[in-house]
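What follows is a set of notes on a single structure, which appears directly below.
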Amino acid sequence: MPTRTLVKHALDATAPADAILLQGWVRTRRDAKAFSFIEVNDGSCLKGIQVIANATLPNYAAEIARAHTGAAIEVRGQLVPSQGQGQKWEVIAESFTIIGEADATYPLQKKGHTLEFLREIAHLRPRSNLFGAVFRVRSRLAYAVHQFFQERNFFYVHTPIITASDAEGAGDMFRVTTLDLAHPPMTEDGQVDATKDFFGKKTFLTVSGQLEGEIFAHALSNIYTFGPTFRAENSNTSRHAAEFWMIEPEVAFCDLEGDMTLAEEFVKYLIRDARTHCAADLEFFAKFVDKDLLARLDFVLEKPFVRCSYTEAVEILAQSGKTWEHPVAWGANLQAEHERYLTEEHFKCPVTVYNYPRAIKAFYMRQTDGCAPERQTVAAMDLLVPGIGEIIGGSQREERLDQLRAGMALHHLDEKAYWWYLDLRRYGTVPHAGFGLGFERMLMFVTGVANIRDVIPFARTPGTADF
RNA sequence: UGCCCGGUAGCUCAGUGGCAGAGCAGGUGACUGUUAAUCACUUGGUCGCUGGUUCGAUCCCAGCCCGGGCAGCCA
């Protein structure tokens, strides 16, 4: 009894095989008078393998019609060089069994479907060519994330999903509670009594593991997190999800310069890894999703990323001769149209913008030394890529206690809530830096897929949490 | 959240103030080492929902629901 052969391995065979076992799902079937061609796919790779089922098989007459698109099937037979054009190997069935039927209501057809339709059948879309390819690349890149950091002596830290920090400044948070919403316990002054909640206080889903990551960077030196992150913002765009995966390295004894270098090496590593290990899937994207994909990925690999200070960026934008929907002025945040212009038109390559105005950035970012009082900046950086915009946001953190407290005062934060964060600056503080990479945005860039809902298995966006 | 576009067969779409259309999918048959096979025939409809205008609304109007695009927020 042969063990199962994955379609990927059968297609890569170097010699015929007398007895192999294939298990997978029927993609298409073409009937001839004396036999049928059945294309079987098992998800191990983009392509399926062609199976020839002769009409002489004992169950052929009774069962071949049940081998619809979508049916699960098991085939035993010989792997032989194909007599036809279009494939190197095929399998002559010595037996076939319908394991699980799929009737005519099976929604996936041989012809193309819109991405919008496929989103509505998220339980079946991984069986399509496009989504099979997307999720194979996703798996590979998740592996490459660990490989990149482990090779560089970073430790993987599991920061909490549930957090009591409610003002990290990264966005609106989802409340986590076990209280009865219809009859919550109340305090004497008519407020919901959070002390009666599961954790004895208000808790939320995390918007970032950064602050906890800093704790571990102050012990293990180089760390990274990689996990789900939640934002309760009513964002309805192709680049935002309420639940997404983020990678956040944090490095002790590191400044903004080192942070930018790490970010650039990381992005290039992931692209190179996909280019090497997901070649067939990327070619599929280049053919059906984005014709320029491979050229753009290779271009990004070859060119050093441009580094441009916020102040320089504002000058470039002001002198571009363009009319902006959002005005360009020092002190205002760069808008999507500005970021797109910088990376897509002016520099035509990934751009790291750094040293942003202090007032528009988070409290923990390090104040730049020696800048003019009216133009104070912090050591923040955003990596912008063509087609997507911001893919990474990071900074050197404020390691000086007094400056950190001043930053908290500027942002009206309560020091008591951050006592442990301030302790890091009291006991063995060091310059340190880190960044956050949106895993789905990276996948969008690598695959050319334009909507974040199509690079995450089950998208959570405002109003939608199906499956 | 704001602005814009859309919702007609299982899918992709056309269309009209007066009998609801095509291609694909499905079904039947033919043909073929086929490749999103091909050819012939064929089944299939609450025209998103509610209300309004009208002799008559899928079509015009309003509200709502759903999907999408862009913007803001950010990764």
Side-chain angles (χ1 to χ4, degrees), chain A residues 27-39 47-54 65 68-70 80 82-87 90 92 102-121 124 128-129 168-172 207-210 228-248 263 267 288 324-326 332-340 360-362 380 382-385 388-394 435-445 450-456 461-464 466:
Chain A
R27 277 297 174 79
T28 85
R29 192 185 88 234
R30 296 175 291 275
D31 294 334
K33 184 161 277 178
F35 53 88
S36 291
F37 297 106
I38 307 171
E39 189 186 327
K47 294 187 68 153
I49 192 162
Q50 175 162 287
V51 171
I52 287 86
N54 279 301
H68 266 121
T69 299
V80 298
S82 178
Q83 294 172 36
Q85 304 296 308
Q87 60 277 317
E90 64 189 15
I92 309 292
D103 69 16
T105 63
Y106 183 64
L108 288 175
Q109 299 174 4
K110 296 175 211 174
K111 295 210 171 185
H113 290 294
T114 60
L115 295 173
E116 291 79 9
F117 172 68
L118 291 168
R119 270 172 221 150
E120 293 169 5
I121 50 168
L124 298 174
S128 67
N129 283 333
E168 289 164 11
D172 294 331
V207 293
S208 166
Q210 179 201 316
T229 308
F230 307 88
R231 304 278 166 90
E233 272 145 19
N234 194 8
S235 297
N236 290 288
T237 82
S238 55
R239 309 182 307 284
H240 291 84
E243 176 183 307
F244 62 100
W245 283 60
M246 188 155 64
I247 297 128
E248 297 179 286
V267 166
F288 292 105
W324 304 108
E325 192 182 327
H326 299 89
N333 223 330
L334 298 183
Q335 303 298 323
E337 57 174 338
H338 307 138
E339 296 182 340
R340 267 206 311 276
I360 57 171
K361 287 292 180 181
D382 283 353
L383 175 56
L384 315 175
V385 297
I388 298 183
E390 183 177 344
I391 196 168
I392 280 179
F435 61 80
L437 171 93
F439 189 51
E440 284 76 18
R441 289 190 181 174
M442 188 68 209
L443 282 165
M444 290 167 72
F445 188 71
N451 196 309
I452 197 167
R453 298 172 181 89
D454 299 324
V455 294
I456 189 163
T461 51
T464 305
D466 298 327

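On a predicted model such as this, the values are computed, not experimentally measured, just so you know. A, B, ... follow the sequence lines: proteins, then strands. Residue 1 opens every chain.
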* Structure fact -> The answer to which of E390(A) and T105(A) contacts RNA chain B further toward the 5' end, by nearest nucleotide, is T105(A)

* Asked: Hey, which of these two, E440(A) or T464(A), hits RNA chain B nearer its 5' end, going by closest nucleotide?
  -> T464(A)

* **In C19(B), glycosidic geometry as syn within 90° of 0 or anti otherwise** =>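 Syn.
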
Between atom [atom1] in [X] and atom [atom2] in [N], what is the gap in whole Å?
X: R231(A); N: G72(B); atom1: CZ; atom2: P; answer: 16 Å
X: R119(A); N: G69(B); atom1: CZ; atom2: C1'; answer: 11 Å
X: F37(A); N: U34(B); atom1: CZ; atom2: P; answer: 7 Å
X: E233(A); N: A71(B); atom1: CD; atom2: P; answer: 16 Å
X: I49(A); N: U35(B); atom1: CD1; atom2: P; answer: 18 Å
X: M442(A); N: C74(B); atom1: CE; atom2: C1'; answer: 18 Å
X: L124(A); N: G10(B); atom1: CG; atom2: P; answer: 17 Å
X: E90(A); N: U34(B); atom1: CD; atom2: P; answer: 12 Å

Between [N] and [M], how many Å separate the two [atom1] atoms, rounded to a whole number?
N: C59(B); M: G6(B); atom1: C1'; value: 16 Å
N: U1(B); M: U58(B); atom1: P; value: 31 Å
N: U46(B); M: C65(B); atom1: P; value: 24 Å
N: A14(B); M: C60(B); atom1: P; value: 14 Å
N: A22(B); M: U8(B); atom1: C1'; value: 12 Å
N: G2(B); M: G72(B); atom1: C1'; value: 9 Å
N: A37(B); M: A75(B); atom1: P; value: 46 Å
N: G27(B); M: A62(B); atom1: P; value: 44 Å

Nearest listed nucleotide, side chain of [X], among [options]:
X: I52(A); options: G33(B), U1(B), U34(B); value: G33(B)
X: T28(A); options: G68(B), U12(B), A37(B); value: A37(B)
X: K33(A); options: C31(B), G33(B), C73(B); value: C31(B)
X: H113(A); options: U1(B), C11(B), A71(B); value: C11(B)

Check whether the side chain of [X] and the base of [N] form a donor-acceptor pair under 3.5 Å.
X: R441(A); N: C74(B); result: yes
X: D31(A); N: U34(B); result: no
X: S235(A); N: C73(B); result: yes
X: Q87(A); N: U35(B); result: yes
X: H240(A); N: C74(B); result: yes
X: E116(A); N: G67(B); result: no
X: Q85(A); N: U35(B); result: no

Remember a base hit wins even if backbone is also touched, and classify [X] as base, sugar-phosphate or nothing at under 4.0 Å, heavy atoms.
X: A336(A); value: sugar-phosphate
X: R340(A); value: sugar-phosphate
X: R453(A); value: sugar-phosphate
X: T237(A); value: base

Does [N] have OP1 or OP2 under 4.0 Å away from a side-chain N or O of [X]?
X: N451(A); N: G69(B); answer: yes
X: R29(A); N: A37(B); answer: no
X: Q50(A); N: G33(B); answer: no
X: S238(A); N: C70(B); answer: yes

What are the two closest heavy atoms between [X] and [Y], and how far apart are they?
X: M246(A); Y: S208(A); value: CE-CA, 4.1 Å
X: F439(A); Y: I247(A); value: CD1-CD1, 3.7 Å
X: G209(A); Y: E248(A); value: N-OE1, 2.8 Å
X: D382(A); Y: E339(A); value: OD2-OE2, 4.4 Å
X: E90(A); Y: Q50(A); value: OE1-NE2, 3.1 Å

* Asked: After noting the C-alpha distance and the side-chain angles of N54(A) and I92(A), does the key distance pass the side chain to side chain contact (heavy atoms under 4.5 Å, CB included) rule?
  -> CA-CA 8 Å; N54(A) 279 301; I92(A) 309 292; 4.2 Å; yes

* Asked: Parallel under 30°, tilted from 30 to 60°, perpendicular over 60°: which one fits the rings of F37(A) and F35(A)?
  -> perpendicular

* To do: List the steps and the verdict of side chain to side chain contact (heavy atoms under 4.5 Å, CB included) for E390(A) and R441(A).
  => CA-CA 9 Å; E390(A) 183 177 344; R441(A) 289 190 181 174; 4.3 Å; yes

* Walk me through it: do M444(A) and I452(A) pass the test side chain to side chain contact (heavy atoms under 4.5 Å, CB included)? => CA-CA 7 Å; M444(A) 290 167 72; I452(A) 197 167; 3.9 Å; yes

* **Nucleotide pairing, RNA chain B (Watson-Crick or G-U, distances under 3.5 Å), in dot-bracket with [ ] and |** => (((((((..((((....[..)))).(((((.......))))).....(((((..]....))))))))))))....

Show me the protein contacts with nucleotides 21-29 of chain B, counting only N or O atoms at under 3.5 Å.
unit_1 : atom_1 : unit_2 : atom_2 : d
G27(B) : OP1    : H68(A) : NE2    : 3.2

Main-chain N/O of [Y] paired with [X] side-chain donor or acceptor, under 3.5 Å:
X: T237(A); Y: R239(A); value: yes
X: S36(A); Y: I38(A); value: no
X: R231(A); Y: V207(A); value: yes

* Walk me through it: do K47(A) and I49(A) pass the test side chain to side chain contact (heavy atoms under 4.5 Å, CB included)? => CA-CA 7 Å; K47(A) 294 187 68 153; I49(A) 192 162; over 6 Å; no

* To do: Could you say whether the aromatic ring of F244(A) and the base of A75(B) stack, counting only centre distances under 5.5 Å and plane angles under 30°?
  =>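 According to the criterion (under 5.5 Å, under 30°), yes, F244(A) stacks.
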
